[in-house]
Visitor: 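The structure follows.
Bear in mind that the values here come from a model prediction, so they are computed numbers and not experimental data. Side-chain atoms are counted along with the backbone in the values below, which use heavy atoms only and exclude waters and symmetry mates.
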Amino acid sequence: MQAFAQLLESGRAGPCRPFPRAEVSAEQWTALAGHLATGELVLMGLWGDAGAVHPGAVHMALLDEASGRLAVATYACVGGAFPSVARHHPPAARLERTVRDLFGLVPEGAPDHRPWLDHGRWGVRHPLGANLPAEPEGDAYSFLAAEGEGLHQIPVGPVHAGIIEPGHFRFSCYGETVVRLETRLGYVHKGIEQLMAGADVAQAARLAGRQSGDSTVAYGLAFCRAVEAARGVSVPARAHALRGVMAELERLANHLGDIGAICNDAAFALMLAHCGVLREKVLRVCARAFGHRLMMDCVIPGGVAGDLARDGISAIRVLVSEVRAAFPALVELYDNTASLQDRTVGTGFTRPDYVRQFGAGGFVGRASGRPFDARRALAYPPYDRLPFEVVVRTEGDVNARIWVRIREVEESLGLVVRLIDTLPDGPVATEVPPGPGEGLAVVEGFRGDVLAFVALEADGRVRRAHLRDPSWFQWPLLETAIEGNIVADFPLCNKSFNCSYSGVDL
């Protein structure tokens, strides 16, 4: 851990940078990658950046999970290249491929040079990688091969029968048994980071809330906390509490929807119907209390966009009572339906060592024994003053991921009540003065930890913003979870992960 200790010591923190960040040498960068490989550190993010003197830079966010220390290492890519982290730590592979696609910075020694977001339709292949193996233009893509007698491939997507987002799934199967799955995403690339560059913080916050629409509160909160850290702004206590209420209502709506949808993929539509009713009640109360069903644009830099509606507290109390009255019967129905248990127990097992290696959070990580929850591990208001249980299971299957959601629904109901019972008086926002600075924030969304990095110019506009979805480290684990299962169980496994397509397509 010497390299990380040096990073903490040399990383300048101050009014314009409230977290350790330092430029490191190639040797230090590689040493940090070694700490990731041994599990001493957790990779929280890796993203590219443009530079005025050198062709660009790559930032790597690192977490010492034992102490809760978070820092950023920056490598100046003189010559347009940087030492590959994925060479030592596979979870960095897709992040490095994205850096190359968006910034043309080449990870030297990388195990995978295929593009990620660039599907050959942009017409802007970067020349910096000319010395690397060429990837065919257009639709051709070199999926990883699985060899063996009797194997066949099943391509699924990117266009699906339902209304889910586009993603290509390439199955290699022996009969009905899945031997290998590889996903290819990037079909909803929207250039959101480029759109944020040059925007004022208010507009950038609106863009942040649209990176993954079902997590608009989590993304808005992560971005705004990063801006507030960059400018040294203290948010009013009432705003912190209201942000917490919004975050827990978002978690409630998504967990309720997921529980029903997973059961529906096991041919038990009754749970989908009942959970759908409860989810709709949550969304209607969100609209009534905060003016929008998804609470989009309700979190702003400096606080929240508006106070609770006049009858907001009473509407939330009624909602909590209704969910608490109806939910236990649904839990019992799930637990005592043998046909459901037959499909979910033991299906889609995710190995705990893979979860630790990838630093996977949310219900994916906690269902396989990793107890990380940013609300506790990197406590931020209002959670730094609220007791709650971090729900952890060890079975690592579809059933465990459902039970983590079930228990988190119960915890969220309790958190909402405590927040509105102790809601302080006072303003709901404060001004964020323009000026330079860098900020880093991690918040817990319903899928897991969302990271935000923001660099501001002197006029307060965004120079660089990066938002890292938890699904970056969960999609690869889905590929491992389906191995050895039958093809018909993929929808069940996929829904139990419920990774975001849009969140990783940037």
Side-chain angles (χ1 to χ4, degrees), residues 214-215 217-218 240-264 268-290 292-295 298 308-337 340-341 344 362-363 366-367 373 375-376 382-383 385-393 399-424 444-447 496 498:
D214 55 9
S215 301
V217 173
H240 280 311
L242 292 177
R243 286 174 169 186
V245 172
M246 293 180 197
E248 295 310 313
L249 289 175
E250 181 173 82
R251 197 180 325 277
L252 271 173
N254 284 300
H255 280 352
L256 288 168
D258 281 359
I259 293 166
I262 296 168
C263 293
N264 187 59
F268 199 74
L270 184 62
M271 282 287 288
L272 176 66
H274 284 291
C275 287
V277 169
L278 294 182
R279 178 178 182 273
E280 177 63 22
K281 288 179 185 246
V282 175
L283 297 179
R284 290 185 180 187
V285 167
C286 290
R288 188 170 170 183
F290 297 105
H292 194 285
R293 286 167 60 86
L294 300 180
M295 298 168 289
C298 290
L308 270 170
R310 182 174 300 177
D311 61 344
I313 289 181
S314 61
I316 293 172
R317 290 191 190 280
V318 170
L319 169 69
V320 170
S321 297
E322 290 179 345
V323 176
R324 279 179 167 169
F327 192 58
L330 298 180
V331 174
E332 185 177 357
L333 177 62
Y334 168 75
D335 200 27
N336 293 326
T337 301
L340 265 178
Q341 298 296 303
T344 62
F363 42 77
R366 292 192 283 273
D373 186 317
R375 296 173 296 175
R376 175 70 54 81
Y383 301 104
R385 64 177 178 85
L386 293 173
F388 66 95
E389 179 187 355
V390 176
V391 181
V392 180
R393 303 276 293 209
N399 180 59
R401 290 187 281 276
I402 291 176
W403 274 106
V404 169
R405 287 175 168 97
I406 288 172
R407 295 305 180 215
E408 288 191 358
V409 164
E410 296 165 354
E411 287 296 316
S412 289
L413 291 170
L415 283 168
V416 167
V417 170
R418 285 194 286 275
L419 283 165
I420 61 175
D421 281 348
T422 60
L423 189 63
E444 187 71 17
F446 88 97
R447 284 190 180 92
S496 75
N498 191 16

Visitor: Among residues two or more places apart or on two chains, list those pairs meeting salt bridge (Lys or Arg N to Asp or Glu O under 4.0 Å) that have a residue in residues 403-412.
Guide: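 Qualifying pairs, neighbours excluded: Asp258-Arg405, Arg366-Glu408, Arg407-Glu410.
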
Visitor: Does a side-chain heavy-atom distance below 4.5 Å link Ser496 with Ile402?
Guide: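 SC-SC contact between Ser496 and Ile402 ruled out.
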
Visitor: Given side chains that start at C-beta, do those of Arg401 and Val404 come closer than 4.5 Å, heavy atoms only?
Guide: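 Side-chain contact under 4.5 Å: no.
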
Visitor: What residues, two or more places apart in sequence or in another chain, satisfy side chain to side chain donor-acceptor pair (under 3.5 Å) together with Asp311?
Guide: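 Result, side chain to side chain donor-acceptor pair (under 3.5 Å) vs Asp311: Arg288.
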
Visitor: Any idea which heavy atoms bring Val416 and Leu249 closest together, and the distance?
Guide: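 In this case the closest contact between Val416 and Leu249 is CG2-CD2, 4.4 Å.
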
Visitor: A side-chain contact here means heavy atoms from C-beta on lying under 4.5 Å apart; do Asn498 and Ile262 qualify?
Guide: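 Result no, sub-4.5 Å side-chain heavy-atom pair not found.
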
Visitor: Over all heavy atoms of both residues, which pair between Tyr383 and Gly244 is shortest? Give the atoms and the distance, please.
Guide: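 The pair with the smallest heavy-atom distance is OH-O, 3.7 Å.
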
Visitor: Rounded to the nearest 0.5 Å, what separates atom CE in Met246 from atom SG in Cys298?
Guide: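 Rounded to the nearest 0.5 Å, the CE-SG separation comes to 5.0 Å.
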
Visitor: Let me have the donor-acceptor pairs involving side chains of residues 318-333, under 3.5 Å, with sequence neighbours excluded, atom names and distances please.
Guide:
from: Ser321; atom 1: OG; to: Arg317; atom 2: O; distance (Å): 3.1
from: Glu322; atom 1: OE1; to: Lys281; atom 2: NZ; distance (Å): 3.4

Visitor: Could you check whether any side-chain heavy atom of Phe388 comes within less than 4.5 Å of a side-chain heavy atom of Asp373, counting everything from C-beta outward?
Guide: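 Yes; the side chains approach each other to less than 4.5 Å.
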
Visitor: Going through the distances and angles, do Trp403 and Asp335 end up as a side chain to side chain contact (heavy atoms under 4.5 Å, CB included)?
Guide: CA-CA 10 Å; Trp403 274 106; Asp335 200 27; 3.7 Å; yes

Visitor: Of the non-hydrogen atoms in Glu250 and Ala218, which two are nearest, and what is the gap between them?
Guide: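 Here Glu250 and Ala218 meet closest at OE1-N, 3.2 Å.
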
Visitor: What is the distance from atom CG of Leu283 to atom CG of Leu278, rounded to the nearest 0.5 Å?
Guide: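 Answer rounded to 0.5 Å: 11.0 Å.
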
Visitor: Do Gln341 side-chain atoms and Tyr334 backbone N/O form a donor-acceptor pair below 3.5 Å?
Guide: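 Checked: pair present.
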
Visitor: Under the side chain to side chain contact (heavy atoms under 4.5 Å, CB included) rule, collect the residues that match up with Arg284, sequence neighbours excluded.
Guide: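 Applying side chain to side chain contact (heavy atoms under 4.5 Å, CB included) to Arg284 gives Glu280, Arg293.
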
Visitor: Closer than 3.5 angstrom, by distance alone: can the side chain of Arg251 be matched with the main-chain N or O of Gly445 as a donor-acceptor pair?
Guide: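 Yes; judged by distance alone, with no hydrogens or angles, the pair exists.
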
Visitor: Apply side chain to side chain contact (heavy atoms under 4.5 Å, CB included) to Asn264 and list each qualifying residue two or more places apart in sequence or on a separate chain.
Guide: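 Checked Asn264 against side chain to side chain contact (heavy atoms under 4.5 Å, CB included); matches are Ala269, Leu272.
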
Visitor: Roughly how far apart are Leu386 CG and Arg375 CZ, rounded to 0.5 Å?
Guide: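 With rounding to 0.5 Å, CG (Leu386) is 10.0 Å from CZ (Arg375).
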
Visitor: Out of the candidates Val282, Leu252, Val417, only one should pair with Ser412 under the side-chain contact (heavy atoms from CB on, under 4.5 Å) rule; please name it.
Guide: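 Option passing the side-chain contact (heavy atoms from CB on, under 4.5 Å) with Ser412: Leu252.
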
Visitor: Provide the closest heavy-atom pair for His255 versus Phe363 in the form atom of the first, atom of the second, distance.
Guide: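 Looking at all heavy atoms of both residues, the closest pair is CE1-CD2, 3.8 Å.
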
Visitor: Residues two or more places apart in sequence or in another chain: which of them pass side chain to side chain contact (heavy atoms under 4.5 Å, CB included) with Ala289?
Guide: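 Partners of Ala289 by the side chain to side chain contact (heavy atoms under 4.5 Å, CB included) criterion, ordered by chain and then number, come out as Leu308, Ile316.
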
Visitor: On a heavy-atom basis, which atom in Cys275 and which in Leu256 lie closest, and how many Å separate them?
Guide: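 Where Cys275 meets Leu256 most closely, the heavy atoms are CB-O, 3.2 Å.
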
Visitor: Taking all non-hydrogen atoms of both residues, which atom of Arg447 and which atom of Ser215 are closest, and how far apart?
Guide: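 Closest approach of Arg447 to Ser215: NH1-OG, 3.6 Å.
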
Visitor: Can you measure from CZ (Arg385) to CZ (Arg418) and round to the nearest 0.5 angstrom?
Guide: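 The distance works out to 10.5 Å.
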
